[in-house]
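Report on one structure; see the data block that follows.
Note on naming: letters A, B, ... go to the chains in the order of the sequence lines (proteins, then strands), and numbering restarts at 1 for each one.
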Amino acid sequence: MKMLNEAKELIQDNIRDYGMYIALFIIMLTFSVMTDGLFMSSRNISNLLDSAGYIAVLAVGVMLVIVIRHIDLSIGFLAGFLGAIAAILLMQAGLPVYLTIPTILILGTIIGLCTGFLVAQLGIPAFVATLAGMLIFRGALLLVTEKTGTIIVQNDAFNAIGNGYIPSIMQVNGLHLLSLLVGLMGIIFYVYSALSSRKNKIKYKFDVVSMEIFVLQLLFVSAIIAYITWILAGYNGFSWTVIVLLVIVSIYHFFTTKTVLGRHIYAVGSNPEAAHLSGINVKKITYLVFGSMGMLAAVSGILFTARLQSATTTAGTLFELDAIAAAYVGGVSSAGGVGKVTGAIVGAIVMASLINGMNLLGVGISYQYIIRGAVLVLAVIFDVTTRKRGK
Amino acid sequence: MAEYILEMEHITKEFPGVKALSNVNFKVEKGEIHCLIGENGAGKSTLMKVLSGVHPYGTYKGDIVFNGTVQQFNKINDSVNAGIAIIYQELALFPDLSVYENIYAGNEVKRAGVVDWNQTIVEAEKMLKKVNLKVNPESLIKDLGVGKQQLIEIAKALSKEVKLLILDEPTAALNEDDSENLLELLRALKKQGVTCIMISHKLKEVIAIADKATVLRDGETICTLDASKGEIVENVIIKNMVGREINDIYPKREKRAFGDKVLELKDWSAYDAQLGRQVAKNINIHVKKGEIVGLAGLMGSGRTELAQSIFGNPKNYKTQGDLAVNGLPIKFKHTSDAIKAGIAYVTEDRKGDGLFISQDIKNNISAANLKDVSSNGVINENIEIIGAEEYRKSLNIKASSLQQIVKDLSGGNQQKVSLGKWLFVSPTLLILDEPTRGIDVGAKFEIYTVMNKLIDQGLSIIMISSELGEILGMSDRLYVMGEGEIKGELLTKDADQEKIMQLATQ
């Protein structure tokens, strides 16, 4: 009984953090029931995560941009443009994959820094600066694909990033062994970091949940990781897209929560004047965030081009809005200073699940847009009302 | 028996924890110029807000009788309709609109529901003539100087057939010519029968123009002086403005000899390009090791601007002159340079630009000194927590844990967090800007005690404060600022409230 009460209180206090997980759970459950389990099938989940990948990467970047109270509308066509450049480098310039990818990442970072220059140095509102960027990159994309039209990428190594899976080493009862190992490592890492953080918190007399609830949390999260691993291992295992996503999430999660620069980003977002008076270089942080945005747009472009195995003239259309929507569903606040990497990823998965589930059910595209819009509004209403209520 | 246009009787207004006005009586006769004077925080602005309906009827006790009837203003529009117009220190004009649009903003000249712009211009010209201002009504507000803008505010008030005009420090931002013009205009309006209340810190102006002057102190009416009886003279006013007993709320500290100069400014000036005026002029000051230097003055005298121009100049003023730290000349490009040189600046507005109020205590305390709790850019949370915990204890910050969000703390505890953040960088010179504003007596005492402890540890402090008691109680030496200049330097043992006030209101 005591445990139940504590669990209830915990959920009430952290409703904002848990909200989107609950929403994701409900969406997945609903679609599973409506599609007789097809939604949760190995193949579909694998497909869903791959299709969420290039938006999720952008969502992480734009989440940080929103945290420092700016916006970036150029990222969709920037991703499309950089994807096309990657295809050109590979197919027309004959550059090998291991040189193409770093080149594109560096190019993306430089373009991001240019946006940062407009916003931080010249003080142009980010909305306008990146709107201009959106038009420019759209034009640039058309320019480079004008002569050839769609550029087909015939490079297996590159295409594997969007379509391939990690090697299995060997199959165990028809399951993908390496994927199982990755999942196991994930669980061990999660349990270890949860334990050490709890130990530290107790040492410094921070509030911690009771032992029972803590064990329950550990079991719950571990079970989810195990379940997803099991589902994926039953098909082709972890795809390279998912691996890229996991790497980016880990790096950015660490960067935003554990480093000085990460702390400075949130400080600038929550009060730019106080940040400046605390000796934080607000301009530098703005450059940093837009630079990282450009780099992630490059990653997104690579993932998308590899997935389609080609660069098209319209690649990147509306990616920016999908990414911004995902970031808001993931709990970022436009007032600045609030937002999590994990939130942005979950937000992207929520939106991808909606599209995927509705496609399985054969919902018309017109209704799909309306429903996605409604979910976005609901997510923000939820966020605003729970924040007002706050402690 | 004189005829009163306004009688405010037994006005009491309380904010949570503070009594801003206590049984204030304030009467203004028809057709006079009545000045309202008092120190910062004496209750002048609150009284005017009660009158104008910013604090609606029912949130205060007492009666407002205007034009012979008891008024119940629920919103600002009610007082405007009754014929009361307030012109605030920060002008409420639209800089990108024209003069005539501004004069009739919210009071448009309409025909059949559509604005008649031609008629508006004709009417605006009449109003401009009334305030003796020769400008093209079609010119934009932002192209005019502050003095002219002030006159346009008055023209705007006159267009609404104002009976009682209230001016809140109208000459604070004006130069001498513009100030003289304004006073001349007030005299002319008086002849036309407009009653005027003027809040002012400049005693010379008060003496020059007032028929009556009411002095407020600590939310109470002290007296109403009458010019015709020869009561409006400098020493009488000052005596009534201050006159508070300095009680024993300032902890004593051991007197020690001071060390070398920690900070010295020579011919230091700062120019604010955005406002287009000099915020600090030819400042020559110094601070010695182990010394508390008070920086007294009234609001808007340039103390905060001076402090910020020293502290890495975040507002990008154009600065001139020499700055030396520990005897060595130095230039700061960014606040981080000033921090590196051992200077810390605790801001006046802790919620506005001091704290990250949506974050927890730990993150706030470490915010300016993450380099000391990290290696290779990665934060070591254990060291961070130990450091933050040390200041939570030594400053006696009352909170459930370091994880508590700063927004949920009381003002005094927020101020301590703000102080802790700056002590965490281990400065040698601490600039405190209004360190005890808006916090209760107990917390004040704690902050004074901390200041003394820091002096014992060899720090130096510049304390900016509008509270004369605090300046006299805590500092060793003090400078008085006014209009961006140093008006005088006093040793605290030779200073008293009258002397400071005299310098500040020069």
Side-chain angles (χ1 to χ4, degrees), chain A residues 13-14 16 67-69 121 123 193 196-209 251 253-285 288 332-339 387-388 390-391, chain B residues 308 311-315 332-340 343-347 349-360 362-364 366-382 384-386 388-389 400-408 418 421-422 425:
Chain A
D13 287 352
N14 296 299
R16 275 192 69 198
V67 161
I68 62 164
R69 305 181 176 190
Q121 214 72 37
S193 59
S196 70
S197 125
R198 181 181 168 87
K199 218 173 83 187
N200 268 330
K201 281 190 174 173
I202 291 174
K203 192 165 145 200
Y204 297 111
K205 299 193 182 94
F206 277 22
D207 303 335
V208 288
V209 295
I251 294 175
H253 181 72
F254 176 79
F255 172 70
T256 51
T257 55
K258 302 284 180 204
T259 67
V260 172
L261 282 174
R263 199 65 81 67
H264 282 180
I265 291 174
Y266 286 94
V268 168
S270 59
N271 190 341
E273 287 83 26
H276 191 164
L277 284 172
S278 302
I280 295 170
N281 193 330
V282 178
K283 274 185 192 167
K284 191 178 98 184
I285 295 298
L288 177 81
V332 75
S333 155
S334 54
V338 178
R387 190 165 348 150
K388 260 190 218 148
K391 280 193 244 181
Chain B
Q308 295 208 352
F311 185 69
N313 197 9
K315 298 270 163 65
F332 300 138
K333 283 202 184 111
H334 192 267
T335 48
S336 56
D337 298 337
I339 296 171
K340 264 182 223 143
I343 302 179
Y345 171 66
V346 181
T347 59
D349 178 7
R350 55 182 171 264
K351 278 186 192 155
D353 55 17
L355 293 166
F356 307 102
I357 56 166
S358 57
Q359 299 196 11
D360 63 17
K362 171 180 71 80
N363 283 9
N364 271 282
S366 64
N369 193 25
L370 285 173
K371 74 173 176 11
D372 274 5
V373 297
S374 61
S375 56
N376 300 321
V378 178
I379 295 170
N380 185 332
E381 251 186 316
N382 293 345
E384 186 190 10
I385 291 170
I386 293 169
E389 180 65 21
S400 56
S401 81
L402 283 177
Q403 254 178 330
Q404 194 166 352
I405 304 297
V406 168
K407 203 191 301 185
D408 302 331
S418 189
K421 165 174 136 187
W422 287 110
V425 308

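Contact tally against chain B (heavy-atom pairs below 4.5 Å) for A:A275, A:P272, A:G269, A:A274: the top residue is A:A274. Heavy-atom pairs under 4.5 Å with chain A peak, among B:E381, B:E384, B:E389, B:K407, at B:E384. Annotation: maximal heavy-atom pairing with chain B below 4.5 Å, among A:V338, A:V282, A:L261, A:N281, occurs at A:N281. Most heavy-atom pairs under 4.5 Å with chain A, from the set B:N363, B:L402, B:L355, B:I405: that is B:N363. With chain A as partner, the option from B:A368, B:S401, B:S400 having the largest number of non-hydrogen pairs under 4.5 angstrom is B:A368. Contact count against chain A (heavy-atom pairs under 4.5 Å) is highest for B:N382 among B:N382, B:I339, B:V378. Heavy-atom pairs under 4.5 Å with chain A were tallied for B:A367, B:G352, B:S358; the largest tally goes to B:G352.
Listed here is the closest heavy atom pair of B:F356 and A:S270: CD2-OG, 3.4 Å. Nearest heavy atoms, B:Y345 versus A:L277: CD2-CD2, 4.2 Å.
Within the 4.5 angstrom heavy-atom criterion, no atom of A:F255 approaches chain B. Of the atoms belonging to B:K315, not a single heavy atom falls under 4.5 Å from chain A.
Inter-residue side-chain proximity for B:S374 and A:R263 is flagged as unmet; no heavy-atom pair is nearer than 4.5 Å. For the pair A:H264 and B:L370, the minimum side-chain heavy-atom distance is below 4.5 Å.
No option in A:T259, A:T257, A:V260 other than A:V260 meets the side-chain contact (heavy atoms from CB on, under 4.5 Å) test with B:I379.
Partners of A:H276 under the ring-ring contact (aromatic ring centres under 6.0 Å, His included) rule, at least two apart in sequence or in another chain, are B:H334.
Separating the CD atom in B:Q359 from the CG atom in A:N271 is a distance of 9.5 Å, to the nearest 0.5 Å.
Annotation: salt bridge (charged side-chain N to carboxylate O under 4.0 Å, His left out) contacts involving residues 265-276 of chain A, sequence neighbours excluded, are absent.
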